[in-house]
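All values reported here derive from a predicted model rather than from experimental measurement. What's counted below: heavy atoms across the whole structure, side chains too, no hydrogens, waters or symmetry copies.
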Amino acid sequence: MASSGNHCRWINLADALSGFTYPTGRTQSQAHIRPLHWYVACRLVVEGGFLPEDITPRPPFRVDSTGAGLTLHHVPDLGGAGEQTVLGGLKTKDIDVTVGKPQVGPCLAVSVKGTMNAFRNLTNRMEEAVGDCTNLHIAYPNLVYAFLHVLRGNREGLRGTDEADIVQASPDGNVASNDIAIRKDGAIVDSIERYHDVLLGLAGRRGIRNDITRYESLALALVRPNPPSIMEEWPGADSPLRFEDAFDRMYRQYDQRYVFAAPKLAKHTARVEWREDSPALRERMNLDYRARIG
């Protein structure tokens, strides 16, 4: 069956961010953030070495096994849709991207959030973030849970004609103060800086006996709208919330819990490597990450 508009596609980060900064559908429909779900799911296969059939939404890949190793094929029609419903300690939770193993259950989960405007209300997200993390870790203390939050980098000044449906305008035609993320001098607005500082308290869970309200990997990123890209200079290089480090943190925690700490399960849980001559890896995707090559 051919993939519909809601089915996972293999896209690079620039295309995923373009769908976020200039959405074609209503934000309530998740159309603006769904491409980032696809980006995460596919990256977990190509870079992370997770099998596509273990991931929801299913990435559009097929794996062939031979005596020479595992070959990865890009098959668009195999892309799946939807979210995984997981039974938490307090209630069920629909998770944006989930890696599950039949012998173990959900092992890695990624929640992806996107905020286009109204940045003064960011702290309202905190209660939801704490509750989700606690709920899942009660039921699955071993779960590697990641939270990725992208913010549209609306710059102070005149609102663009193509931004009328995205940000509010003041009477003089400038971006409304509540929707500004970056000042004219390049400074980040106080509400976003405060949100970053508060999120620090939810980051850095290292083991199953650590605080269950903390995430194993947490990232906060500002997205420049034109061209769509992650703002590299914020947060600072010493921040544990940088987007570029988020996936390495996931992989590290996963390996420690499900492979090194449980060698008898390693044949089921170990991340795989792809043959360098895999057809999928010969496609020119302009990826911002490297494939996991055997």
Side-chain angles (χ1 to χ4, degrees), residues 13-40 83 93-97 109-133 145-157 159-160 162-170 174-183 186-203 215 217-236 239-246:
L13 183 58
D15 288 339
L17 295 177
S18 178
F20 168 68
T21 55
Y22 290 102
T24 56
R26 295 174 60 85
T27 57
Q28 292 87 346
S29 70
Q30 295 288 300
H32 70 303
I33 201 68
R34 191 175 292 116
L36 274 166
H37 298 177
W38 302 340
Y39 167 82
V40 170
E83 302 171 334
K93 168 66 178 174
D94 293 333
I95 305 177
D96 298 324
V97 182
V110 184
S111 180
V112 186
K113 303 295 182 185
T115 301
M116 314 281 288
N117 47 39
F119 298 119
R120 289 180 183 173
N121 302 327
L122 278 173
T123 52
N124 295 340
R125 291 273 193 174
M126 293 304 301
E127 184 176 351
E128 177 185 354
V130 173
D132 286 348
C133 191
Y145 196 16
F147 179 68
L148 309 181
H149 195 169
V150 292
L151 314 176
R152 194 177 192 276
N154 307 323
R155 187 171 287 272
E156 183 179 15
R159 184 184 68 176
D162 53 355
E163 296 179 315
D165 295 330
I166 302 171
V167 297
Q168 299 294 315
S170 57
N174 289 317
V175 175
S177 59
N178 194 25
D179 290 357
I180 296 171
I182 307 172
R183 299 293 183 190
I188 309 303
V189 297
D190 290 344
S191 58
I192 293 179
E193 291 282 12
R194 287 195 300 270
Y195 182 58
H196 169 273
D197 293 344
V198 172
L199 284 181
L200 291 174
L202 297 184
Y215 290 86
S217 181
L218 200 155
L220 180 65
L222 276 170
V223 180
R224 288 192 177 93
N226 191 20
S229 61
I230 297 290
M231 185 174 178
E232 295 181 355
E233 59 268 36
W234 189 92
S239 172
L241 306 187
R242 289 182 65 83
F243 184 88
E244 65 190 37
D245 301 325

- State which residues pass salt bridge (Lys or Arg N to Asp or Glu O under 4.0 Å) with Glu83; sequence neighbours excluded, sorted by chain then number. none
- Query: Pick one: which of Val189, Ile180, Val175 meets side chain to side chain contact (heavy atoms under 4.5 Å, CB included) with Glu156?
  - Reply: Ile180
- Item | Partner set under side-chain hydrogen bond (donor to acceptor under 3.5 Å, both in side chains) for Glu244, not counting sequence neighbours | Arg242
- Would you sort out whether Trp234 and Ile182 count as a side chain to side chain contact (heavy atoms under 4.5 Å, CB included), showing the intermediate values? CA-CA 11 Å; Trp234 189 92; Ile182 307 172; over 6 Å; no
- Message: Would you say that more than 12 heavy atoms from the other residues, nucleotides or ligands in this model lie under 6.0 Å from the CD of Gln168, or not?
- Response: no
- For residues Gly114 and His32, report the shortest heavy-atom separation together with the two atoms involved. O-NE2, 4.0 Å
- Message: For the SG atom of Cys133 and the CD atom of Glu128, what is their distance to the nearest 0.5 Å?
- Response: 12.0 Å
- Decide yes or no for Arg34 and Asp96: does some side-chain heavy atom of the first lie under 4.5 Å from some side-chain heavy atom of the second? no
- Message: Quick check on Glu127: does its CD atom have over 12 non-hydrogen neighbours (other residues, nucleotides or ligands) under 6.0 Å away?
- Response: no
- Task: Just grab all the salt bridge (charged side-chain N to carboxylate O under 4.0 Å, His left out) pairs involving residues 115-124, residues at least two apart or on different chains.
- Result: none
Compile the donor-acceptor pairs under 3.5 Å between side chains in residues 14-21 and protein atoms, sequence neighbours left out, one pair per line.
{"residue": "Thr21", "atom": "OG1", "partner": "Leu17", "partner atom": "O", "Å": "3.1"}

- Query: Once you round to the nearest 0.5 Å, how far does OG of Ser239 lie from CG of Leu200?
  - Reply: 5.5 Å
- Message: Using every non-hydrogen atom in the two residues, find where Ser111 and Lys113 come nearest and quote the distance to one decimal.
- Response: OG-CE, 3.5 Å
- Those residues at least two apart in sequence (or on a different chain) that pass salt bridge (Lys or Arg N to Asp or Glu O under 4.0 Å) with Glu163 are Arg152
- Query: Side-chain contact, heavy-atom cut-off 4.5 Å: Arg194 with Thr123?
  - Reply: no
- Task: Indicate the atoms forming the closest heavy-atom contact of Val198 with Met126, along with that distance.
- Result: CG1-CE, 3.2 Å
- Message: Could you go through Leu222 and Val150, starting from their C-alpha distance and side-chain angles, then the distance that decides it, and tell me whether this counts as side chain to side chain contact (heavy atoms under 4.5 Å, CB included)?
- Response: CA-CA 6 Å; Leu222 276 170; Val150 292; over 6 Å; no
- Gap separating the CD1 atom of Ile166 from the CG atom of Asn154, nearest 0.5 angstrom: 8.0 Å
- Message: Nearest 0.5 angstrom please: Leu220 CG to His196 NE2, how far?
- Response: 6.5 Å
- Query: Within a strict 4.5 Å, meaning less than it, do heavy atoms of the Leu151 and Leu122 side chains meet?
  - Reply: yes
- Item | ring pair (Phe, Tyr, Trp, His ring centres under 6.0 Å) partners of Phe147, counting only residues at least two apart | His149, Tyr215
- Minimum-distance pair of heavy atoms, taken over all atoms of Leu148 and Phe243: CD1-CE1, 4.3 Å
- Message: What's the separation between atom OG in Ser170 and atom CG in Asn178, rounded to the nearest 0.5 Å?
- Response: 12.0 Å
- Query: Looking at Ile95 and Ala109, what are the two nearest heavy atoms and their distance?
  - Reply: CG2-CB, 3.7 Å
- Message: Determine whether Val130 and Leu202 satisfy the following criterion, side chain to side chain contact (heavy atoms under 4.5 Å, CB included), listing intermediate values before the conclusion.
- Response: CA-CA 8 Å; Val130 173; Leu202 297 184; 3.6 Å; yes
- Item | Interatomic spacing from OG1 in Thr115 to CG in Asn117 - rounded to 0.5 Å | 8.0 Å
- Task: Could you tell me whether Arg183 and Glu193 have a side-chain N and a carboxylate O separated by less than 4.0 Å?
- Result: no
- Query: Counting only heavy atoms not in Asp165, do more than 12 sit closer than 6.0 Å to its CG atom?
  - Reply: no
- Message: Please check: side-chain N/O of Asp179 versus main-chain N/O of Val167, any donor-acceptor pairing under 3.5 Å?
- Response: no
